[in-house]
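One structure is given here, and the rest of the page talks about it.
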Amino acid sequence: MAAKTDIRAQAARLQAYFTGAGATVVEADILQPAEVLLDLYGEDIRSRAYVTIDPLHGEMMLRPDFTVPVVRMHMDSGATPARYAYAGEVFRKQEHEGGRASEYLQVGYELFDGADAAASDAEVYALFAEVLSPLGLRAATGDIGILIAAVEGLATTDRRKAALKRHLWRPRRFRALLDRFGGRSAVPDTRRELLKQVAAKGADALLQDAGPEIGLRSRAEVAARIEALQADAAEPPISASEVEILDHILGLRETCPNALENLRDIAVDLPAIADAVQRMERRMVALSDQGIDVDALDFEASYGRTNMEYYDGFVFGFYAEDRPDLPAVASGGRYDALTRVLGQGRSIPAVGGVIRPELVLMLTEAAT
Amino acid sequence: MTLKLGVPSKGRLMEKTFDWFSDRGIVLRRTGSEREYAGAVDGLDGIELVLLSAGEIPRELVAGNIQLGVTGSDLVREKIADWDSKLRELEPMGFGHADLIIAVPKGWIDVDTLDDLDAAAAAFRRTHGFRLRIATKYHRLVREFLRDSGVADYQLVDSQGATEGTVKNLTAEAIADITSTGETLRANHLKMLDDGVIHRSQATLFRGRRTDWTDGMRQTFDALSHSLGLGD
C-alpha cells in the first residue's frame, strides 16, 4: 500500500493533466444529501455507501462518487460547454472480508457539451487513454445506447419496452422479463388464476371480496394494474427472431470495426438501432481522429450493464490485465439521462470518467 | 481459559436451549436469584455459561467475548456482514422456528410474486412520486434479497415493532417481518408473497473464530462436540 502523500501527489499530477486539457477544478462536499442518491440508485446504495444522520438535514451520505454533485453544481450554474476536473476521496462501504478499499482517491474529468456527442466521447476517452498509456492497460468499451435503441425497436407494447428498459441494468430480471414477454417462460400460476377469476367475476367483485382497503396503494391502482395485465395477456409474444436478435446484440464481443459491421447487419432487421449504430460509427471516426487505434479496440455490447446504472451511451473502462483482482483503474461514460433526472426538466449531454490514482501509482511502481 | 457459551437470557428460547443441552447430557442452569443473569454448566468442565440478549449474541461471538452462542440464524445474518467468514454454524437446534417473509395488503389481488411487487413498485413511484415503502427491522437481509431478486423502486423504512400495523397507519405499503403462523398477518389484512420467503430461521448453535484459543479450550470444545454429537 502506497503512502497517502504519494497517492495524493499522483492525484494532483492527474488533475493537472486534466486542467491542462482545459478543465476547471471543482470541489464537492463530502457530505451529500442522501435522498438524491437514494432516489437515483435505489435502496441498494445503502449497502455501498455510508449513510449518517445530520441533526438538522436528516440523512446524509459520504459521497460515493463525484458525478452526481458535479452534475448538480453544473445544472445550477448552467453555462455549456464546460469541462471540470476534480480530485478527492470517495467512500464505498464494503460488506465482504478481504475486499476492496472503503475510502480511496478519485480523479475525474467531466465534459458538458451538446454540440457533437461523438467528438465529446472521443475527447474524454482519448484523454484517459493517453494518460494511462504507460501502464499498458486493456481497454473495454461498449454502448448502452445501442441496447436501449434495440429494446425500443422491438415490435411490442410500450409497457413491455418500458419494463425491459427499466431493468436493463439488472441482467437477471431483464432476462426473466424477456423470457416471459417472448413466451419462453410460462405465465406464473397466480397470474393465470387471477386473470381467470377476473374474466369470470369482474375485477370489481374480486376487489370487494379481497377485504378492506388498507395503505396508500388504492383500489384504483390495483384495478389499473389488473387492466394492464389483461391487456398484456392479450398481446402476442415478442417474436422468437426478435428475441434472438436481442440476444445476439447482448452477446456481441468484437473489435470495434467487426462489431460495427455486425450491428449494421442487425440494423437491416431491426432498423430502430440504425441511428445508434450511426452514432457509434461517428464516434469511431472521432476516436480515430484523436489518434486511437480503433481497429484494435474491443467492443462489448453488454459492457456497463452492471454497477453503472446512470450511463446510457458510450461506456469505457481500463483494466490491468495481469491483475484481475484489481477493480478498473479508470472508467467512465455518457450520462445524458442523469442530467435530465437531476436537472428537473433541463438536460445537458454529458460524458466523463474517473481514475483511481492509487492504482496508477501501484502499477507504475510494479512496472519499474 | 474457559470456553464461554452465550445463551438467550430469558423466555422460551432460554428454556428450550436448556432442554436441548440437557437432552445431550449437559445441564445448563441459572444460579443466584430469579433476576440475576448468572449461570452454570454441569457435566463438562471448562465451560462457562453467559446469559445474554439473543440479539447481542452474534456481536459478542464476532468480538470473541464468547466462543459459542445460541441465537436465531436470522439475527446472525442480519447483524453480521459477511457472517459466514466470521462464524461457523455448528448445529441447527430444531426450535425457535420463524420465517422472514415479505407481505403485502390482501387487497392487492394483483400482487402474488416478487415480479408483481416490482411492477407495482414502479407504478406506485410514478403515481405517488416516491419509492414504495417496505417496513422492516431486517434491513440487510431484505435489501440483499430484493437486490438478488432484481426488485427496484422500493425503500426500506425502519420498524422495530408492530410492523404489521405500518400499512394501515400509512407509514409503509408493504412489510418484511418474522412470522411463525401467519396469524398476525391475517389479522392485519396482509398476505405473504408466494416467493417472498427471505430466510427460514431457527435457533442455532454458533462458534466464533478459533484463532485465540488455548489448547485447553480446544480440548473442552472437542469434548463438548462429542457430547453434542457434532460432526466437527
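Since the model is a prediction, treat every value here as computed from it, not as a measurement. To find a chain, count down the sequence lines: A is the first, B the second, and so on, and within it residues start at 1.
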Discussion item. Within a 6.0 Å radius of atom CZ on A:Arg172, are there more than 12 heavy atoms belonging to other residues, nucleotides or ligands?
Written reply: no
Worksheet, complete the sentence: The interface call for A:Arg219 against chain B, heavy-atom contacts under 4.5 Å, is neither
Discussion item. B:Glu173: which residues meet the salt bridge (charged side-chain N to carboxylate O under 4.0 Å, His left out) condition with it, sequence neighbours left out?
Written reply: B:Arg133
Fill in: Within 6.0 Å of CD in A:Glu35, more than 12 heavy atoms from elsewhere
no
Fill in: Between B:Leu114, B:Thr113, B:Asp116, the one whose heavy-atom pairs under 4.5 Å with chain A are most numerous
B:Asp116
Discussion item. As an exercise, state the distance from CG of B:Asp110 to CD of A:Glu221, rounded to the nearest 0.5 Å.
Written reply: 10.0 Å
Discussion item. A quick test of your reading: do over 12 heavy atoms of other residues, nucleotides or ligands sit less than 6.0 Å from CZ of A:Arg159?
Written reply: no
Practice prompt. Evaluate whether atom CG of B:Asp212 has more than 12 neighbouring non-hydrogen atoms of other residues, nucleotides or ligands under 6.0 angstrom away.
Written response: no
Practice prompt. Report the C-alpha separation of A:Gln94 and B:Asp82 in whole Å, then their side-chain angles, then the decisive distance to 0.1 Å, and conclude whether the side-chain contact (heavy atoms from CB on, under 4.5 Å) test is met.
Written response: CA-CA 10 Å; A:Gln94 301 298 328; B:Asp82 215 11; over 6 Å; no
Worksheet entry | Closest approach of A:Leu216 to B:His128 (non-hydrogen atoms, all atoms of both residues) | O-CE1, 3.6 Å
Worksheet, complete the sentence: Residue from B:Lys168, B:Lys191, B:Glu144, B:Arg147 scoring the most non-hydrogen pairs under 4.5 Å with chain A is B:Arg147
Discussion item. So which residue, A:Glu213, A:Gln197, A:Arg180, ends up with the most heavy-atom pairs under 4.5 Å with chain B?
Written reply: A:Arg180
Practice prompt. Please list all pairs passing the ring pair (Phe, Tyr, Trp, His ring centres under 6.0 Å) test where one or both residues lie in residues 129-151 of chain B, with sequence neighbours left out.
Written response: B:Phe124-B:Phe130
Worksheet entry | Short N-O contact, B:Arg131 and A:Asp39, less than 4.0 angstrom | yes
Discussion item. Would you say that more than 12 heavy atoms from the other residues, nucleotides or ligands in this model lie under 6.0 Å from the NE2 of B:His226, or not?
Written reply: no
Worksheet entry | Under 4.5 Å from any heavy atom of chain B - which part of A:Arg217 | both
Item to complete: May I have all residue pairs that pass ring pair (Phe, Tyr, Trp, His ring centres under 6.0 Å) and include part of residues 184-212 of chain B, sequence neighbours excluded?
Response: none
Worksheet item: Of all the residues in residues 55-79 of chain B, which have a heavy atom that comes within less than 4.5 Å of a heavy atom in chain A?
Response: none
Discussion item. What I'd like to find out is whether the side chain of A:Arg173 reaches to under 4.5 Å of the side chain of B:Val151, using heavy atoms alone.
Written reply: yes
Discussion item. Give me the atom names and distance for the closest heavy-atom approach of A:Arg166 to B:Ala152.
Written reply: NH2-O, 3.5 Å
Item to complete: Go through A:Ile226, A:Val222, A:Asp209, A:Val198 and name the one with the most non-hydrogen pairs under 4.5 angstrom from chain B.
Response: A:Val222
Worksheet, complete the sentence: When the 4.5 angstrom heavy-atom criterion is applied to B:Ala120 and chain A, the contacting part is both
Worksheet item: Can you tell me if CZ on A:Arg192 sees more than 12 non-hydrogen neighbours from other groups inside 6.0 Å?
Response: yes
Worksheet item: For the atom pair CG (A:Asp189) and CG (B:Asp194), what is the distance rounded to the nearest 0.5 Å?
Response: 9.0 Å
Fill in: Other residues, nucleotides, ligands: >12 heavy atoms within 6.0 Å of B:Lys106 NZ
no
Worksheet item: Based on non-hydrogen pairs under 4.5 Å, which of B:Ala122, B:Ala174, B:Ser85 is most in contact with chain A?
Response: B:Ala122
Discussion item. Rounded at 0.5 Å granularity, tell me how far CZ in A:Arg225 sits from CD1 in B:Ile109.
Written reply: 11.0 Å
Worksheet item: Closest heavy-atom contact between B:Arg143 and A:Arg46?
Response: NH1-CB, 3.7 Å
Fill in: Between B:Asp153, B:Leu190, B:Asp115, the one whose heavy-atom pairs under 4.5 Å with chain A are most numerous
B:Asp115
Worksheet entry | chain A contacts, top residue of B:Val111, B:Leu170, B:Thr127, B:Leu156 (heavy-atom pairs, under 4.5 Å) | B:Leu156
Worksheet entry | Part of A:Leu194 lying under 4.5 Å from any heavy atom of chain B | side chain
Discussion item. I'd like to know whether CD of B:Glu183 has more than 12 heavy-atom contacts from other residues, nucleotides or ligands below 6.0 angstrom.
Written reply: no
Worksheet item: Where does A:Leu195 contact chain B at under 4.5 Å (heavy atoms): side chain, backbone, both or neither?
Response: neither
